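The next block holds one structure in the form of structure tokens; read it before the comments.
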Amino acid sequence: MTNIEFISQHVSASPKSIQNVVQLLSEDCTIPFISRYRKDMTGNLDEVFIENIAKANASFDAITKRKDAIVKSITEQNAMTPELSKKIEATYDLTELEDFYLPYKKKKKTKADTARENGLEPLAKIIMAQNSDDVDFIASKYINKNVANEDEALQGARDIIAEWVSENVYVRKTLRRIFQRKAEISTKVVKAKKDDENAKKFSQYFDWKENLTKAPAHRLLAMLRAENEGFIKLSVDIEKEEALEMIENSVIKNKRETAIQLQKAISESYKRLLEPAISNESLSEAKAKADTNSIGVFATNLSQLLLAPPLGEKRILAIDPGFKSGCKVVCLDEKGDLLYNETIFPHAPQNDTAIAMKKIRSMVNAYKIDAISIGNGTASRETEFFIKKIAFDKPLQVFVVSEAGASVYSASKIARDEFPKYDVTVRGAVSIGRRLSDPLAELVKIDPKAIGVGQYQHDVDKSKLKDELDTVVVRCVNSVGININTASKSLLSYVSGIGEKLAENIVNYRSENGPFSDRKELKKVPRLGEKAFQQGAAFVRIVGAKNPLDNSAVHPEAYPIVEKMAKDLKLSVSELVGNREKTALIKPENYVTQTVGILGLKDVIKELEKPGLDPRKSAKVFEFDSSVKTIKDLRSGMILPGIVNNITNFGCFVDVGIKESGLVHISQLKDGFVSDVNEVVKLHQHVQVKVVDVDEDRKRIGLTMVI
């Protein structure tokens, strides 16, 4: 099987498209570049398809490499046979491959090894042949200095047979199928921990049982966390009788006396070797699926969060609210640079409200503030009410933004490098302001796991989570494009073909030489060669460039095509860009080249119509119900405005303006069946919810959108 054939089994795309994608990847082309600027080669595959092709190709390489290692190991043991070689060559299933290798795999000394050393393998072969009746008499021939009697001889033979049974490929494969269909996961509370305060959140799993394959990802991960923290014992089982019957039917050929020994060996093999191995394997497989599911939830949420509507280049006054320690206030210019910082104390215990109002008015006027950004943490609502009481000289938009991850950013090396002279409180307030003007540019500086949008993200495979989240960030950054003259090193590092080192070089070049005047100047950046330029140039924007195409998504390789289009229409490039009437006259088939086909040309024309269009919507002001400040203010039946701040498989969490978010279960999103929460709501969506129930002690709020 070739890699293209293997990938075709996992990705529904034409072999030609797959072949072209694999070729482009082998040429060090990035996924954003391939999906955007090589559509004619890929057949218009989007980034997700291309990512899946890349993953499948990596899997093929891993399987091929593992095959080579296994063949080498078995051959070195002089154990390779033509039949085994053919089986290994034919399989591309890693689990089956490991089953083939299991009998030849180096392992710790087993009971079977000891029995072999005692000369009992011939006896085991006689029993397995199932041609004899007087087993005790035959066993007596194998008594020696290490084997005292017939019983010990038969026990040793059974140890060897048990190992053979456990290494039987058919038995393992069939047993796996039974586990996949019928395995139950069950839990029991650890009595010594039952009354532990931290155990209460896992109380529903103190005595729980359900089909393993039907257990939702969030529930399985919750059970595993409860076990890891020592509150429950967890097991995965099937009906033992069904398993033994299957194995006996595949091993025992007749009812001779040897059958009794085989039954005993099979029972021991299942209890000691097969059941623990397949049980753990099934749980690991279920955990892997739960990880994939939960990582997918996190990735979807992160994508929506990163692509949240930006306010744009405005002067912002940002407030990190607090009570005793006061509210940290910063003023930022249009580019997010810090102009001024101050601490005010409008709330208890100081209650310096009048002085705080005067300071805010003064800062708004002095720094020509356009909007105010307030963090949604402690004292957020009180600070919002305080701000809205101030009589400003001009209308100001007031936004409440998520603080999630701001404290992580403020203590990070990135923040220290940006603001070496300021403490964490100032840095946190700056982050709150910047994430209003451009959430994407600010949130890329924070470890995605710290942003807090997902389900059980701390319990999933860390490596897979990081890879997927990095992929999401890259996808988002390149779908929007970045202003190369204002972008931070963190943001630049996610641009196609750039990476951390080149991002640092770009920032250093910018500091030494001033703003970039055109895309070609990128080639002057140390170590930024032709390949990096090809992969990244079209994803950066140069606002105010002499060539308007430098502030668009048109790739430099297509500039000559655009110039020819303009010339044919008797226009300059500047006159063509943004001219819908003229771009409508362009016939793409007249401009096909070796690198840019019809699909690419249609994208070029679309970009000429609206150059540099940001795919994100504009930020909108939202107001919570002014009568609700804490969970004590909630009553069943209340209808409230809210903002979706997290999405899981089982529903969404909604911020109604208090510290605790409420849960809208998937069954309460709308009338009728809902299979995917994302079909109904998106992160940061403004919604109307009705309070169903309030549990003040557990700080849980039940909401419904079926009003």
Side-chain angles (χ1 to χ4, degrees), residues 70 73-85 87-88 96-176 178 240-281:
I70 286 173
S73 175
I74 297 174
T75 302
E76 287 175 350
Q77 296 174 51
N78 296 317
M80 183 61 76
T81 65
E83 183 185 10
L84 179 57
S85 177
K87 286 179 179 178
I88 291 173
E96 187 174 55
L97 189 60
E98 294 300 335
D99 281 349
F100 288 140
Y101 183 46
L102 188 59
Y104 313 96
K105 198 173 187 178
K106 292 180 180 179
K107 44 187 177 278
K108 293 179 181 178
K109 190 173 182 179
T110 64
K111 289 184 176 182
D113 291 332
T114 301
R116 289 189 186 94
E117 290 172 359
N118 293 335
L120 296 173
E121 188 164 22
L123 175 59
K125 288 180 178 178
I126 291 170
I127 294 172
M128 278 294 283
Q130 303 178 52
N131 295 322
S132 305
D133 281 320
D134 196 346
V135 176
D136 285 339
F137 174 73
I138 297 170
S140 67
K141 297 180 180 181
Y142 293 91
I143 296 172
N144 55 48
K145 63 178 182 178
N146 296 318
V147 181
N149 52 47
E150 289 88 346
D151 287 342
E152 284 191 14
L154 290 171
Q155 179 59 59
R158 290 198 299 269
D159 288 340
I160 295 171
I161 293 168
E163 187 170 272
W164 286 342
V165 169
S166 75
E167 292 173 349
N168 183 287
V169 174
Y170 172 80
V171 167
R172 294 179 77 87
K173 185 182 288 188
T174 308
L175 193 57
R176 278 192 196 98
I178 297 173
K240 180 181 177 182
E241 290 72 19
E242 182 179 358
L244 292 177
E245 183 180 358
M246 179 275 294
I247 301 171
E248 288 173 5
N249 288 339
S250 66
V251 173
I252 301 175
K253 300 173 184 176
N254 55 51
K255 295 184 178 180
R256 287 187 163 180
E257 192 176 325
T258 49
I260 297 172
Q261 297 300 320
L262 289 174
Q263 282 180 326
K264 290 180 179 179
I266 287 168
S267 178
E268 185 176 341
S269 179
Y270 181 75
K271 179 181 179 181
R272 182 165 57 83
L273 302 171
L274 280 167
E275 194 271 342
I278 305 299
S279 175
N280 288 336
E281 195 179 288

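If you're wondering where the values come from, they're calculated on a predicted model, not measured in any experiment.
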Rounded to the nearest 0.5 Å, what's the gap from [atom1] on [X] to [atom2] on [Y]? Could you check?
X      : Y      : atom1 : atom2 : result
Leu273 : Glu163 : CG    : CD    : 7.0 Å
Glu152 : Asn144 : CD    : CG    : 9.5 Å
Ser140 : Leu123 : OG    : CG    : 10.0 Å
Leu244 : Glu275 : CG    : CD    : 10.5 Å
Lys145 : Asn118 : NZ    : CG    : 9.5 Å
Ile160 : Thr114 : CD1   : OG1   : 9.5 Å

Donor-acceptor contact present, side-chain [X] to main-chain [Y], <3.5 Å:
X      : Y      : value
Asn254 : Gln130 : yes
Thr81  : Leu84  : yes
Thr174 : Val171 : no
Asp113 : Thr110 : yes
Arg256 : Asn131 : yes

Measure the shortest side-chain to side-chain distance between [X] and [Y] over non-hydrogen atoms and say whether it is less than 4.5 angstrom.
X      : Y      : value
Ile278 : Ile178 : no
Ile127 : Leu154 : yes
Glu150 : Val135 : no
Asp159 : Arg272 : yes

Practice task
From the options Glu268, Lys264, Lys111, select the one residue that forms a side chain to side chain donor-acceptor pair (under 3.5 Å) with Gln155.
Solution key: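 For Gln155, the side chain to side chain donor-acceptor pair (under 3.5 Å) test succeeds with only one of Glu268, Lys264, Lys111, which is Glu268.
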Practice task
Give me the one residue out of Arg176, Lys87, Lys173 that meets side chain to side chain donor-acceptor pair (under 3.5 Å) with Glu96.
Solution key: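 When Arg176, Lys87, Lys173 are each tested with Glu96, the side chain to side chain donor-acceptor pair (under 3.5 Å) holds only for Lys173.
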Which atom names give the shortest non-hydrogen contact between [X] and [Y], and what distance separates them?
X      : Y      : answer
Asp99  : Arg172 : OD1-NE, 3.1 Å
Gly119 : Tyr142 : O-CD2, 3.6 Å
Trp164 : Glu121 : CZ2-OE2, 3.6 Å
Ala115 : Gly156 : CB-O, 3.3 Å
Ser132 : Thr258 : O-CG2, 3.5 Å
Asn168 : Tyr170 : OD1-N, 2.9 Å

Exercise for the section: Would you please test Ile88 and Ile74 for side chain to side chain contact (heavy atoms under 4.5 Å, CB included) and show each step? Expected result: CA-CA 11 Å; Ile88 291 173; Ile74 297 174; 4.0 Å; yes
Practice task
State, without any angle test, whether Ser73 and Tyr101 hold a side-chain donor-acceptor pair at a distance under 3.5 Å.
Solution key: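 Distance-only check passes for Ser73 and Tyr101.
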Exercise for the section: Establish, from distance only, whether the side-chain atoms of Ser267 and Gln263 form a donor-acceptor pair under 3.5 Å. Expected result: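 No, no side-chain donor-acceptor contact under 3.5 Å.
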Exercise for the section: Go through Tyr270 and Leu175 one step at a time and tell me if the side chain to side chain contact (heavy atoms under 4.5 Å, CB included) criterion holds. Expected result: CA-CA 10 Å; Tyr270 181 75; Leu175 193 57; 4.0 Å; yes
Handout entry: Charged N-O contact under 4.0 Å between Glu167 and Lys107
Key =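 Between Lys107 and Glu167 there is a salt bridge, with a charged N closer than 4.0 Å to a carboxylate O.
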Exercise for the section: Take Val251 and Ile161, measure what side chain to side chain contact (heavy atoms under 4.5 Å, CB included) needs, and give me the verdict at the end. Expected result: CA-CA 10 Å; Val251 173; Ile161 293 168; 5.8 Å; no
Exercise for the section: Before giving the answer on side chain to side chain contact (heavy atoms under 4.5 Å, CB included), spell out for Ile266 and Ile252 the whole-Å C-alpha distance, their side-chain angles and the decisive distance to 0.1 Å. Expected result: CA-CA 10 Å; Ile266 287 168; Ile252 301 175; 4.1 Å; yes
Practice task
Assess whether atom CD of Glu83 is packed by more than 12 heavy atoms of other residues, nucleotides or ligands within 6.0 Å.
Solution key: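 No, CD of Glu83 has 12 or fewer neighbouring heavy atoms, counting only those of other groups under 6.0 Å.
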